Amino acid sequence: MSSSNASLEAAATERKARLAKLAALKRKQPEPESLGDATVDEQEPADDISKTYLSGRNYDPETRGPKLGFEQAPTDGQVTLEQQASEIARVAAEQAEKDEEADQPIDLFKLQPKKPNWDLKRYLDEKTRVLNVRTENAIARLVRQRIENAQRAGREKPRPSNAEGDGEEVGIEGEALVEGIHVREQEANSENEDTI
């Protein structure tokens with residue numbers, strides 16, 4: 001048994017020596033003399049930069065550290081089991097929250113409509129369509145009557161003489177026209193507010 005252990009130890013030291021030669025060739029450094037010298041080098045301070053050879057191929061200037069060996073993760077763009085498991089866990093958590101909400105009693109203040117008469121307006125809209133048409137016609141008739149009355153009043157008034165002598169005959173006074181327009185706009189706004 002002792003002979004097999006000795007041969008294994010000899011094989012291990014030979015392998016370490018070959019690996020050290022390969023590493024030295026790769027780095028273009030002088031190969032270490034023996035394993036005994038390596039232990040002496042480890043005891044010396046490693047702060048001396050002249051003994052350390054830094055190659056640019058393993059240094060990442062953006063992170064100011066060693067390169068990790070790849071630019072992008074090998075799993076980029078692929079669906080992994082971890083991602084699928086996290087998605088399933090998220091869906092399960094959302095479902096648990098919904099179940100908890102279903103177990104709680106219903107809050108009556110959340111069920112209450114914003115306006116208490118919304119249902120009445122909904123039912124009355126169908127019935128008041130005919131009335132709305134009649135109301136619009138009545139408003140238009142009243143506005144026409146006001147305009148005609150204003151025109152009659154304008155014709156009956158004595159006309160002051162213009163400096164030019166000729167003047168265009170005005171059918172309605174400006175104030176009456178503006179008042180009629182304002183009345184119509186107010187009625188239209190009140191109808192819009194009722195439908196909302």
Side-chain angles (χ1 to χ4, degrees), residues 56-57 59-196:
R57 64 181 175 194
Y59 178 73
D60 188 9
E62 293 176 4
T63 60
R64 295 184 180 247
K67 287 186 181 178
L68 299 177
F70 50 83
E71 295 296 322
Q72 295 177 344
T75 59
D76 280 352
Q78 296 178 357
V79 179
T80 62
L81 287 176
E82 291 83 10
Q83 292 172 345
Q84 291 175 351
S86 64
E87 181 65 24
I88 291 171
R90 186 186 60 78
V91 170
E94 288 177 359
Q95 185 64 31
E97 288 177 10
K98 289 180 183 177
D99 292 342
E100 287 178 10
E101 290 175 3
D103 293 341
Q104 295 177 354
I106 297 172
D107 187 12
L108 295 179
F109 291 110
K110 290 181 181 177
L111 291 177
Q112 189 176 21
K114 292 180 182 178
K115 293 184 179 181
N117 60 353
W118 68 273
D119 56 340
L120 297 174
K121 288 184 180 180
R122 183 183 65 196
Y123 294 130
L124 289 177
D125 280 341
E126 296 174 11
K127 296 178 180 179
T128 58
R129 284 183 187 161
V130 174
L131 292 177
N132 288 338
V133 171
R134 290 181 184 173
T135 304
E136 289 175 4
N137 291 339
I139 291 169
R141 191 176 339 112
L142 289 173
V143 170
R144 275 190 231 117
Q145 286 177 358
R146 283 187 185 175
I147 292 172
E148 289 173 4
N149 291 337
Q151 286 176 349
R152 284 186 204 136
R155 289 181 197 149
E156 293 174 0
K157 288 184 181 177
R159 296 183 191 161
S161 61
N162 291 340
E164 299 174 359
D166 293 327
E168 186 176 318
E169 195 172 303
V170 178
I172 187 169
E173 291 182 13
E175 294 176 5
L177 180 62
V178 170
E179 181 182 341
I181 292 172
H182 285 301
V183 168
R184 180 67 181 139
E185 287 176 354
Q186 288 174 355
E187 291 170 353
N189 287 340
S190 67
E191 288 176 6
N192 289 339
E193 290 175 1
D194 290 342
T195 59
I196 295 175

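Computed from a prediction, not measured in an experiment: that's the story for all the values here. Computed over heavy atoms, backbone and side chain alike; hydrogens, waters and symmetry mates excluded. In this chain, numbering begins with 1 at the start of the sequence shown.
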Margin query: Taking the side chain as everything from C-beta on, heavy atoms only, tell me whether Leu81 gets closer than 4.5 Å to Gln84.
Written below: yes
| query | Are there more than 12 heavy atoms of other residues, nucleotides or ligands under 6.0 Å from atom CZ of Arg141? | reply | no
Output for pair (Asn137 CG, Asn132 CG), nearest 0.5 Å, gives 11.0 Å
message: Go through it in stages, so that I can follow the logic: the residues are Leu142 and Gln145, the test is side chain to side chain contact (heavy atoms under 4.5 Å, CB included), and I'd like the CA-CA distance, side-chain angles, deciding distance and then a yes or no.
response: CA-CA 5 Å; Leu142 289 173; Gln145 286 177 358; 3.9 Å; yes
Taken in chain and number order and not counting sequence neighbours, the residues that satisfy side chain to side chain donor-acceptor pair (under 3.5 Å) with Glu87 are Arg90
Between the NE2 atom in His182 and the CD atom in Gln186, the distance rounded to the nearest 0.5 Å is 8.0 Å
**Prompt:** Side chains of Ile147 and Arg144: closer than 4.5 Å at any heavy-atom pair?
**Reply:** no
Here the gap from Arg184 atom CZ to Asn189 atom CG, rounded to the nearest 0.5 Å, amounts to 10.5 Å
By side-chain contact (heavy atoms from CB on, under 4.5 Å), Gln78 pairs with (sequence neighbours left out) none
Under 3.5 Å, is there a donor on one side chain and an acceptor on the other for Arg146 and Asn149?
no
